[in-house]
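Naming: A, B, ... by sequence-line order, numbering from 1 per chain. In what follows, every heavy atom counts, from backbone to side chain, and hydrogens, waters and symmetry copies are set aside.
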Number of protein chains: 2
Amino acid sequence: MTDNDARKSKSRRTREAIFIAARRRFAAHGYDGASVRDIAADAGIDPALVIRYFGSKDALFAEASDFKLDLPPLDSKMRGRAGEYMVQNFLDIWEGPDAGGAFTVLLRSAASNEAAAAKLREVFATQVIPSVAALAGTEGAQQRAGLITSHMLGLAMSRYILKLPPVVSMPPEMIVTHVGRAIQIYLDTPSDRL
Amino acid sequence: MTDNDARKSKSRRTREAIFIAARRRFAAHGYDGASVRDIAADAGIDPALVIRYFGSKDALFAEASDFKLDLPPLDSKMRGRAGEYMVQNFLDIWEGPDAGGAFTVLLRSAASNEAAAAKLREVFATQVIPSVAALAGTEGAQQRAGLITSHMLGLAMSRYILKLPPVVSMPPEMIVTHVGRAIQIYLDTPSDRL
DNA sequence: GTCTATAATTCGATAGAC
DNA sequence: GTCTATCGAATTATAGAC
C-alpha cells in the first residue's frame, strides 16, 4: 500500500464518518436541529471539513436523505396477503439492521423543510404508486396508494417520531395483523367503489 | 369610552394581532422556521413587543399551540357509524372555519420539537384514549386509540403537511367513507383479538 | 488533508428613550 | 404602550496557514 493509497483511504474514512454522524443527527433532530458543528463533533473532526467534503449543509442533507424504498416485487399471485406483507416490509425498514437511516431523516424533516417534503413526494410518486399499481392494477392506483400511505406514515409518526406509548409498545405481529388488514381492504376495494 | 379604555383596547388588539400572526407563521413553517422578527413583521409591530406581550418565544408557542380536540360525545348507540363520524369530525377540525389553527402548529412542529411532541402525546392520552374508551369500552382502548391515531395522523400528514397530490385532491366524502371504514374495524374488533 | 481564525448572518432577548 | 438600538450567542461558510 503506497502513501497515496493510505491517504485516499483515510480520506474516504473521514467522509464516511461525517456521513454516518450526519445521518444520525438529522434522524434524531431534523434538518434545522442538527448543526454542522454537532455533526463534526460526533464525527470527531473539524466543522470546516464537513463543508469541504460535501460542499454545503444542504448537499450533505440531500445525500443523507437519499434512499430507495426497495419495495420487493409484489406480483398478483400473493394478493391475499399483500397487505400484511407490505406492513412487515415497512417495519423492517424502520427496525431492521440498518435502522435510523434515511427514511427517519426524511420524515422528521419533511414537516418543516420543503426540500425534504418534495423528496418524500417524489418517493411516493416514483416508488409507492407504481408498486401499488403492479399489485392492484393501474385503475385507482393513486387513490389506493394515497390511502395506504396515509396509514403507513401515521404509523411511522406515532411509533418512531412522536412515540405514542401504546403504539411504541405494540408488538410487531399485532401491527402487521391489524394494519395489514386495513391495507388489504384498500387493495381489494373494486375500482368503481373507490 | 375613557382614554384608559381606549389604551386597553388597543393593547388587546396588538396582542391579538401578534397571536394571529404567530399561529399562522408557526402553522406554515414550524417552530424553528418561524422567527420572532417574521411574526412581528406580519403583525405590523416591533419585534420587541412580541417578547413584551408574551415573555418569550417558547411561551408564545405554548399559547398558540394550546387547544382542545373537542371531540363530540360519542355514545354507544351510534356505534355502527362512529368511524365515519370520527373522520368527518377530524376533517372539520382541519378544513372548517378555524383552520390553520393550533393543531397544524402542533403537528408541523412536533417532528423536530420535543415540547410540541410532548403536548401531542398529552392530547392523545387525555382526549383521544378516553373518547375511544367511552365508545368501545376500556378494554384495549389504548391499542384501539393507537391504531386509529396512526391512521388519522398519517391522513393529516399526507393531506395537509406533505400535500401528497392524490390525497390532497381526494374529496372529503371519499376519505370519510374509506378511512371511516378502517376506523370502524378498529372499534369493532373484539378485545380478545387485538 | 486538516485545522485555526474569522467573516457574514441571523437569532432571541434586553435596556432605555419617548 | 411603542420603538430604537444593541447585546450575546449561535449559525453556515470561507480564507489561508501548516
Side-chain angles (χ1 to χ4, degrees), chain A residues 1-23 25-26 28-65 105 109 112-116, chain B residues 1-23 25-26 28-65 105 109 112-116:
Chain A
M1 182 188 281
T2 70
D3 279 7
N4 205 354
D5 286 340
R7 253 198 310 274
K8 264 175 139 178
S9 174
K10 184 170 188 198
S11 169
R12 244 200 355 257
R13 270 188 293 119
T14 299
R15 194 182 204 279
E16 186 95 357
I18 295 172
F19 184 75
I20 291 174
R23 219 168 48 174
R25 276 275 167 184
F26 282 137
H29 304 103
Y31 179 85
D32 289 322
S35 73
V36 172
R37 283 168 162 77
D38 291 338
I39 293 168
D42 282 3
I45 49 89
D46 189 273
L49 291 180
V50 175
I51 303 299
R52 175 169 179 84
Y53 275 102
F54 292 88
S56 71
K57 185 186 178 182
D58 276 348
L60 172 58
F61 179 79
E63 194 160 329
S65 63
V105 176
S109 303
S112 52
N113 183 295
E114 176 51 27
Chain B
M1 182 188 282
T2 70
D3 279 8
N4 207 353
D5 287 340
R7 254 198 309 276
K8 264 176 139 178
S9 173
K10 183 170 188 197
S11 169
R12 245 200 353 258
R13 272 188 290 121
T14 298
R15 194 181 204 279
E16 186 95 358
I18 294 172
F19 184 76
I20 292 174
R23 217 168 48 175
R25 276 276 169 185
F26 282 137
H29 304 103
Y31 180 83
D32 289 321
S35 73
V36 172
R37 283 167 163 79
D38 291 339
I39 292 169
D42 281 5
I45 49 90
D46 190 272
L49 290 180
V50 175
I51 304 299
R52 175 168 179 83
Y53 275 102
F54 291 88
S56 71
K57 184 185 179 182
D58 277 347
L60 172 58
F61 180 80
E63 195 160 327
S65 63
V105 175
S109 303
S112 51
N113 184 294
E114 176 51 27

Whole angstrom value for the distance that separates [atom2] of [N] from [atom1] of [X]:
{"X": "B/Ile51", "N": "C/dA13", "atom1": "CD1", "atom2": "C1'", "result": "6 Å"}
{"X": "B/Leu60", "N": "C/dC11", "atom1": "CG", "atom2": "C1'", "result": "15 Å"}
{"X": "B/Ile39", "N": "C/dT10", "atom1": "CD1", "atom2": "P", "result": "17 Å"}
{"X": "A/Asp46", "N": "D/dT14", "atom1": "CG", "atom2": "P", "result": "14 Å"}
{"X": "B/Asp38", "N": "C/dC11", "atom1": "CG", "atom2": "P", "result": "6 Å"}

Requested in this report: Ignoring backbone atoms, test whether B/Tyr53 places a side-chain nitrogen or oxygen under 4.0 Å from the OP1 or OP2 oxygen of D/dG1.
Outcome: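 Looking at the OP1 and OP2 atoms of D/dG1, neither is under 4.0 Å from any side-chain N or O of B/Tyr53.
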
Query - Side-chain N or O of B/Thr14 closer than 4.0 Å to phosphate OP1/OP2 of D/dG1 - result: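 No, no such contact exists.
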
Requested in this report: Would you kindly compare A/Ser35 and B/Leu49 by the position of their nearest DNA chain D nucleotide and give the one closer to the 5′ end?
Outcome: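 Closest to the 5' end, via its nearest nucleotide, is B/Leu49.
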
Report task. Kindly point out which of D/dA13, D/dT2, C/dG12 is positioned nearest to the side chain of B/Lys57? Result ->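 Closest nucleotide among those given: C/dG12.
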
Query raised in the report: For the side chain of A/Ala48, counting heavy atoms from C-beta on, which of C/dT4, C/dT14, C/dG12 is nearest?
Result: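 Of C/dT4, C/dT14, C/dG12, C/dT4 is nearest to the side chain of A/Ala48.
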
Query raised in the report: Just checking, B/Lys57 and B/Phe26: is the charged tip under 6.0 Å from the six-membered ring centre and within 45° of the axis?
Result: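 No, B/Lys57 and B/Phe26 do not form such a contact.
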
Query raised in the report: Is A/Phe54 touching bases, backbone alone, or none of the nucleic acid, heavy atoms closer than 4.0 Å?
Result: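 No contact.
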
Query raised in the report: Parallel, tilted or perpendicular: which fits the ring planes of B/Phe61 and B/Tyr31, with parallel below 30° and perpendicular above 60°?
Result: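 Ring orientation of B/Phe61 relative to B/Tyr31: perpendicular.
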
